[in-house]
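These figures come from a predicted structure and were not determined experimentally. Quick note on labels: first sequence line is chain A, next is B, and so on, each numbered from 1.
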There are 4 protein chains.
Amino acid sequence: MTRSLRSDAQRNRLRILEAAEVVFAMKGPSASTEEIAQRAGVGIGTLFRHFPTKKALLQAILKELAVRIATETEELVRSGEPASAFYEFFSRMVGQATKQKTVVGLLAEAGIAVSVAKPVNALRDAVEALLAGAQRAGKVRQDVGVAEVLALLTGVCQASMHADWSEELQDRTLAVVFDGLRPNPASDGGPSLLRSRSA
Amino acid sequence: MTRSLRSDAQRNRLRILEAAEVVFAMKGPSASTEEIAQRAGVGIGTLFRHFPTKKALLQAILKELAVRIATETEELVRSGEPASAFYEFFSRMVGQATKQKTVVGLLAEAGIAVSVAKPVNALRDAVEALLAGAQRAGKVRQDVGVAEVLALLTGVCQASMHADWSEELQDRTLAVVFDGLRPNPASDGGPSLLRSRSA
Amino acid sequence: MTRSLRSDAQRNRLRILEAAEVVFAMKGPSASTEEIAQRAGVGIGTLFRHFPTKKALLQAILKELAVRIATETEELVRSGEPASAFYEFFSRMVGQATKQKTVVGLLAEAGIAVSVAKPVNALRDAVEALLAGAQRAGKVRQDVGVAEVLALLTGVCQASMHADWSEELQDRTLAVVFDGLRPNPASDGGPSLLRSRSA
Amino acid sequence: MTRSLRSDAQRNRLRILEAAEVVFAMKGPSASTEEIAQRAGVGIGTLFRHFPTKKALLQAILKELAVRIATETEELVRSGEPASAFYEFFSRMVGQATKQKTVVGLLAEAGIAVSVAKPVNALRDAVEALLAGAQRAGKVRQDVGVAEVLALLTGVCQASMHADWSEELQDRTLAVVFDGLRPNPASDGGPSLLRSRSA
DNA sequence: TATGAATGAGCATTCATTCAT
DNA sequence: GATGAATGAATGCTCATTCAT
């Protein structure tokens with residue numbers, strides 16, 4: 001098999017991914033393939049050679065994004081600050097979602113128990129590690145699981161994309177969620193009356 | 001083809017609204033008018049006679065929904081159980097959203113400070129009353145405002161529409177949010193360190 | 001046969017015709033039937049009961065118009081001023097066309113050798129009489145026929161409906177046509193070299 | 001289905017233009033884009049790729065036509081026969097209009113003082129040159145301007161599209177107009193009583 | 001392999017005409 | 001006879017996807 005053109009192909013693939021990231025980020029998944037191809041400086045045919053459907057391209061973007069975020073998250077895990085790391089991550093994610101419409105899609109997918117895409121699972125694992133660390137540090141309740149963390153994260157991110165969202169509202173919303181996640185100082189260690197199931 | 005004229009145009013109007021509710025619920029606002037008309041058992045022309053624009057139809061759905069929900073909510077307000085009413089409402093809403101994508105749109109619109117549509121404002125007011133009652137009863141923190149309540153509600157509803165959502169996950173997610181909303185038993189009465197502004 | 005409602009029907013017919021005249025005059029034949037019915041204060045069904053097709057309504061309008069104009073024209077014929085009457089009629093028609101888009105359609109139909117509609121034929125006859133009078137008075141060439149008169153009239157009327165038309169342009173255009181219609185003072189009585197056919 | 005790509009997109013463009021010319025000629029500007037695409041043997045998408053709007057297509061037709069006619073007209077100007085050239089042009093134009101409804105639209109646009117489209121202005125200029133030549137040669141009155149020439153031309157062309165038009169009628173109509181344009185042999189050199197303004 | 005022209009199903013919307021009341 | 005709600009074919013236009021070059 002001739003491999004001479006492969007490097008070109010690789011470069012194109014990257015260009016398309018970069019363009020798609022930007023465009024999907026700005027306009028969401030309804031952005032047109034044509035616009036992406038244009039921004040990538042590539043013919044529409046090339047785009048479809050690399051990604052057989054629009055959906056496939058979107059998934060690839062999500063994978064890319066998952067890898068990047070998972071990496072960042074793992075760094076946070078390794079940072080040795082389990083107490084703040086988890087909350088830091090949560091805030092950061094919400095902050096990003098405002099401008100990166102794709103983040104929401106990714107988080108939603110990460111919320112699925114087992115994703116088809118490996119990087120998404122990696123992200124989920126990283127979040128789980130973050131959560132576990134915070135729990136060990138006594139900063140997050142024991143009886144909270146990744147599932148609801150991701151659900152809450154997804155939800156707040158989605159909410160953050162609506163008309164009236166402001167930094168202030170974001171702070172106030174996160175304050176409530178964070179308070180719900182923190183161990184109740186009065187009854188630390190024991191589950192609340194409402195919740196008795198473990199993750 | 002089903003027939004119904006004159007005063008029974010109202011019946012068709014209702015059928016269209018019902019169909020639109022279902023279809024929009026399933027497919028979101030990008031659902032096609034044609035499909036709605038079909039489901040309503042009505043010609044496409046009839047649909048457009050009743051609602052001059054797809055947007056108008058969507059708004060009408062939201063209005064209908066807003067009226068229905070606002071009414072329910074006001075009943076809760078009057079129920080004389082301010083303690084549980086607020087949380088009841090919140091749960092109910094999330095429960096509905098799972099099957100009614102439109103609820104999310106409505107809540108999102110309700111989140112906007114002043115909506116163009118009267119019923120939406122009515123809903124917002126009802127929620128505000130519910131919240132105030134719960135706060136007076138000491139069941140919700142004083143420093144929480146409608147804005148973040150609606151944001152949280154919208155967020156959880158949106159999250160609830162994703163693949164892996166289950167009753168269990170819903171309960172666990174709501175538990176976190178509710179805990180975040182409840183006054184901290186240890187420091188009841190005084191604002192937390194994080195938040196000092198009142199709604 | 002009961003005839004009690006006939007008078008109502010007649011009144012409706014008239015109302016529709018009046019409305020149609022106005023609306024077609026303003027917007028031309030592409031005006032919508034709905035608008036006409038509305039202006040007539042009549043249901044769309046009533047309109048179609050009286051005129052089975054939009055085309056039929058338009059034709060009826062043309063007939064109405066033909067009757068009116070034919071009457072006016074016959075009056076001009078009887079006015080005893082054959083010299084000026086013909087040119088007066090021509091100018092008047094062009095003046096009207098600017099605001100009555102239907103006039104053009106009528107003149108076009110009048111140009112057809114034998115119309116299906118009697119009133120249109122009557123109009124044609126009246127114009128012919130006008131022309132004959134002017135020719136007898138020596139104010140219009142002998143070798144000019146109704147056909148070309150109507151063609152010219154239609155043409156100028158149609159031209160008058162375009163963007164840049166002004167009173168000045170109208171005068172200048174009519175001046176040329178009228179000069180072409182007048183007998184050549186130098187060679188009066190004999191046909192020009194170019195034209196030898198008689199009407 | 002016929003295929004032709006890349007540089008041969010030009011061929012498709014031409015085919016669409018040709019089809020549009022024919023279809024618009026037959027049915028006027030209300031002809032459907034679908035029919036044009038069909039006649040061109042091209043998908044509707046292709047049509048819209050070449051002309052983003054129906055209006056744009058129509059304008060392109062007019063431009064094409066304007067260029068073609070302007071070229072022909074300039075040739076007539078250069079032919080060195082100013083006497084006959086002007087009348088030749090006028091007759092030719094009317095002859096074409098019978099089968100090309102678009103010619104009328106073009107002439108109408110040319111009648112507007114300054115068109116948006118360059119080719120239309122070029123046509124107008126060419127007609128002006130033709131007229132000036134004929135006037136210098138003493139074959140057309142000095143006090144006639146392009147405006148009324150184009151109005152007359154437009155008018156006769158429009159009239160020529162109606163049911164009963166025949167070659168004979170065309171000759172007779174043009175004879176009148178041409179006579180109106182020619183200097184009055186009896187008063188050659190001086191303006192007529194009716195008109196005193198010069199073009 | 002890259003290109004971008006071609007494709008056509010799909011969409012929202014309009015309007016002359018029909019028909020149950 | 002009058003009404004106006006219902007109808008659906010038709011229109012201009014978009015966009016993901018295919019395929020000849």
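Rounding to whole angstrom units, CG of residue B:L57 and P of E:dC11 are separated by 15 Å. Distance B:K27 NZ to E:dG10 P: 11 Å, rounded to the nearest Å. In this structure, B:F51 places its CZ atom 11 Å from P of F:dA6, rounding to the nearest Å. In this entry the distance linking CD of B:Q38 with P of F:dT7 reads 12 Å, nearest Å. In this structure, CD1 of C:I36 is placed 16 Å from P of F:dT3, rounded to the nearest angstrom. One interatomic measurement links the two molecules: CZ of D:R11 to P of F:dA20, which rounds to 18 Å at whole-angstrom precision. In this entry the distance linking CZ of C:R13 with P of F:dA2 reads 12 Å, nearest Å. The distance from atom CZ of C:R15 to atom P of F:dG1 is 17 Å, rounded to the nearest whole Å.
Closest to the side chain of B:T46, out of F:dA5, F:dA2, F:dT7, is F:dT7. Across E:dT7, F:dA2, E:dA5, the shortest atom-to-atom separation from the side chain of D:A9 is found for E:dA5.
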Which donor-acceptor pairs under 3.5 Å do side chains of residues 22-48 of chain D form with protein atoms, sequence neighbours excluded?
| unit_1 | atom_1 | unit_2 | atom_2 | d |
| --- | --- | --- | --- | --- |
| D:K27 | NZ | D:E35 | OE1 | 3.3 |
| D:S32 | OG | D:E34 | N | 3.4 |
| D:S32 | OG | D:E35 | N | 3.0 |

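Within the structure, a side-chain polar atom (N or O) of A:N12 is placed less than 4.0 Å from OP1 or OP2 of E:dA2. The shortest distance between the side-chain N/O atoms of A:R49 and the OP1/OP2 oxygens of E:dT1 is below 4.0 Å. Close to F:dG1, at under 4.0 Å from its OP1 or OP2, lies no side-chain N or O of C:H50.
Between C:G43 and B:L47, the one whose closest nucleotide on DNA chain F sits nearer the 5' end is C:G43.
You'll find the side chain of C:D8 stays beyond 4.5 Å of the side chain of C:N12, heavy atoms only. Proximity of A:E109 to A:Q59: side-chain heavy atoms (C-beta onward) are separated by under 4.5 Å at one or more points.
Closest non-hydrogen pair, D:A60 versus D:L17, comes out as CB-CD2, 4.0 Å. Minimum interatomic distance between D:A9 and D:H50 (heavy atoms only, all atoms of both residues): O-CE1, 3.5 Å. Scanning all heavy atoms of the two residues, the minimum distance from C:L58 to C:T102 falls at CD1-CG2, 4.4 Å. The shortest non-hydrogen separation linking C:C157 to C:V104 is CB-CG2, 4.0 Å. Contact detail for A:V120 and A:A110: the closest heavy-atom pair is CG1-CA, 3.5 Å.
With a 3.5 Å limit on both pairing distances and Watson-Crick or G-U wobble geometry required, the stems of 3 or more pairs in DNA chain E span E:2-21 with F:2-21.
Salt-bridge formation is detected for the pair B:E21/B:R68: a Lys NZ or Arg NE/NH1/NH2 atom is positioned less than 4.0 Å from an Asp or Glu carboxylate oxygen.
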Protein heavy-atom contacts under 4.0 Å, written 5' to 3' over nucleotides 10-17 of chain F as B (base), S (sugar-phosphate only) or - (none), form the string -SSBB-SB

